[in-house]
Each structure stands twice: as structure tokens, then as C-alpha cells.
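Read through the structure below, which is laid out as C-alpha cells, and then see the notes.
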Amino acid sequence: MRKTVQVISYVEKTICDGCHAKNGVEAEASDVLSLGGRSWDLCGSHAERFGAWLADALNLPDADAVPVEVEPSPAAAVDDDDDREQEERSEEATDPQPVLSVMISGEVDGYDWEDARQAVRNLGYEVVGRADESTVLLILGEGGERNGTKLRDASERGIPCMDVRQPGRFKAAVVAGEFVGGDPLPEPAKVGPKVMSERERNRAVRAWARENGYVVPSKGRIPMHVKHAYEMTHRDVSQGKAVAA
């Protein structure tokens, strides 16, 4: 038995003939029982019950009963398709999405090394030393123009720059919960060691050391092996001078 009902829009609903004939209940049919030239729309319970009655009436086991074809009703088939589509959409939605990453070059005003990076992580980003397919922003701090590697990565990959050398800008972005690029990307600076003051030089060495995995104190003497590694990394043999990259 088929009946048109209004839920949100008009749809066709198949009613179990057994439930409707017995007590007027409009239970939805899930099977069709065919016998000879007749057929009945039945719910699962009535389909099983009527099959057993026929077997008893003919004194036959269920498997040897008269030919009875029970097939899913059209409505049930549509429901199965909908369920499969929902499962596929659910599986797609649960596929892990890549985590976006950010590079930080230089010292961030008002933050020490680890606090600046933790603030970036708190907004859902990874912090990386070299750009890759997930990198979406370069945060440029004080002295960041000396890190030629990160600047070149950003330039080659078209990664936008956020210049936070202006006091308070990084903190304002953290409070707002959003980092926005669009600032000019500086060219990598080439500064000889004699041009830099001792304080600037120490700041550059500390920044480079931390970005390359060395542990250095925030204040006081920088270990000699760290200074030596910095010199060797930044030495431009062709020009015969140290180049801050």
C-alpha cells in the first residue's frame, strides 16, 4: 500500500499491508511478498511471519515453502542509497587535513624565543624552519632580514610576509586570533661583522643559533662553538667576508 504524506515536502511512503489491515497502524514497509499474481507490501516482521504461516499451512519446512519472492521495497532501496551517501560524506569529512605552518624569522617584540612560537601554535599553526607545501606565512621580526634562507623560501614559494618589527603588532595579532600577511618582503641583508655593533651581532648569533637547534642563553656569554658555527655558516668565501643570511 502506498500513501503520499507531507513531511517537509510531499513524498511517497509505502505502508505495511499487514499492520494497516490489523489495527490501522501506518508502519513503513521494507519488503514485498509476491505469491502467484498477487503481492503485498510488508514490514520485516510481517514478511517473516507470513512466510512461516505458509510453510506451516503446507506442512513444509521454511526452505521448501511455495515460491515466495521477498524483495526490498523501492522506498527501502532509496533509504539504503541515502545511507551509503551519508557514510561516504562522513568518511570524507573525517579525512585528516594538513596542519598549516608558519615561519618566524628574527626576534619578536615583547616575546622571547619560545613564547613567540607557542603563541603561533596556540592559534593552530605549526612552526617550521624551512618552508614546505603547508607553509602559509612568514612572520618577520627584528633582524629577520638576515635570515636569507627563510626570505628566499618565502620569495620562491610566494609566501606572504607579516612584518612585526613594529612594537605591539605581533601581540595585537595574537589577541585578535589572526595573522595577516601582505607586507613587503625585504631582500636578504648582507652585513659585514665590522658594520654590526657587538649587541646587534650577539642578537643575530642568538637568533641564528636557536633557529638551527643550538641552546644559547638569553643573556651573557655565547658559547664559542656556537659563534664558530655561525661564522662558518655565514662566510662568503668568494667575497672574503662574513655574510649574514
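Heavy atoms only: backbone and side chains are in, while hydrogens, waters and symmetry mates are out.
- Here OG of Ser39 is found 12.5 Å from CG of Asp31. Values are rounded to the nearest 0.5 Å.
- Only one option out of Leu140, Thr135, Leu151 pairs with Met103 in a side-chain contact (heavy atoms from CB on, under 4.5 Å); it is Thr135.
- Listed by chain and residue number, Lys150 satisfy the salt bridge (charged side-chain N to carboxylate O under 4.0 Å, His left out) test with Glu211 (two or more places apart in sequence, or in another chain).
- Here the shortest heavy-atom pairing between Pro160 and Gly181 reads CB-CA, 4.1 Å.
- Every side chain to side chain donor-acceptor pair (under 3.5 Å) that Arg165 has, sequence neighbours left out, goes to Glu145, Asp163.
- Among residue pairs with one or both ends in residues 218-228, those qualifying as side-chain hydrogen bond (donor to acceptor under 3.5 Å, both in side chains) are Arg210-Ser218; sequence neighbours excluded.
- Side-chain atoms of Asp41 never come within 3.5 Å of backbone atoms of Asp17 as a donor-acceptor pair (strictly under, hydrogens ignored).
- Listed here is the closest heavy atom pair of Ser30 and Cys43: OG-C, 3.8 Å.
- Legend: residues meeting side chain to side chain donor-acceptor pair (under 3.5 Å) with Asn122, ordered by chain and number and at least two apart, are Gln118.
- Under the rule for a side chain to side chain contact (heavy atoms under 4.5 Å, CB included), the partners of Ala229 that lie at least two apart in sequence or sit in another chain are Trp208, Tyr214.
- If you chain together ILVMFWY residues whose side-chain heavy atoms come under 4.5 Å of each other, Val127 ends up grouped with Leu100, Val102, Ile104, Val108, Tyr111, Val120, Leu123, Tyr125, Val136, Leu137, Ile139, Met162, Val164, Phe170, Val174, Phe179.
- For Arg203, there are no salt bridge (charged side-chain N to carboxylate O under 4.0 Å, His left out) partners at least two apart in sequence or on another chain.
- Here the shortest heavy-atom pairing between Cys16 and Leu42 reads SG-CA, 3.7 Å.
- Partners of Glu114 according to the salt bridge (charged side-chain N to carboxylate O under 4.0 Å, His left out) rule, which considers only residues two or more places apart in sequence or in another chain, are Arg121.
- Contacts of Arg130 classified as side chain to side chain donor-acceptor pair (under 3.5 Å), with partners at least two apart in sequence or in another chain: Asp153.
- Legend: side-chain hydrogen bond (donor to acceptor under 3.5 Å, both in side chains) pairs involving residues 166-181, not counting sequence neighbours, sorted by first then second residue: Arg169-Asp183.
- Under a 4.5 Å side-chain heavy-atom criterion applied to ILVMFWY residues, the cluster that includes Val175 comprises that residue alone.
- Once rounded to the nearest 0.5 Å, the distance linking CG of Leu185 with OG of Ser105 reads 9.5 Å.
- Remark: Asn212 pairs with no residue by the side chain to side chain donor-acceptor pair (under 3.5 Å) rule, at least two apart or across chains.
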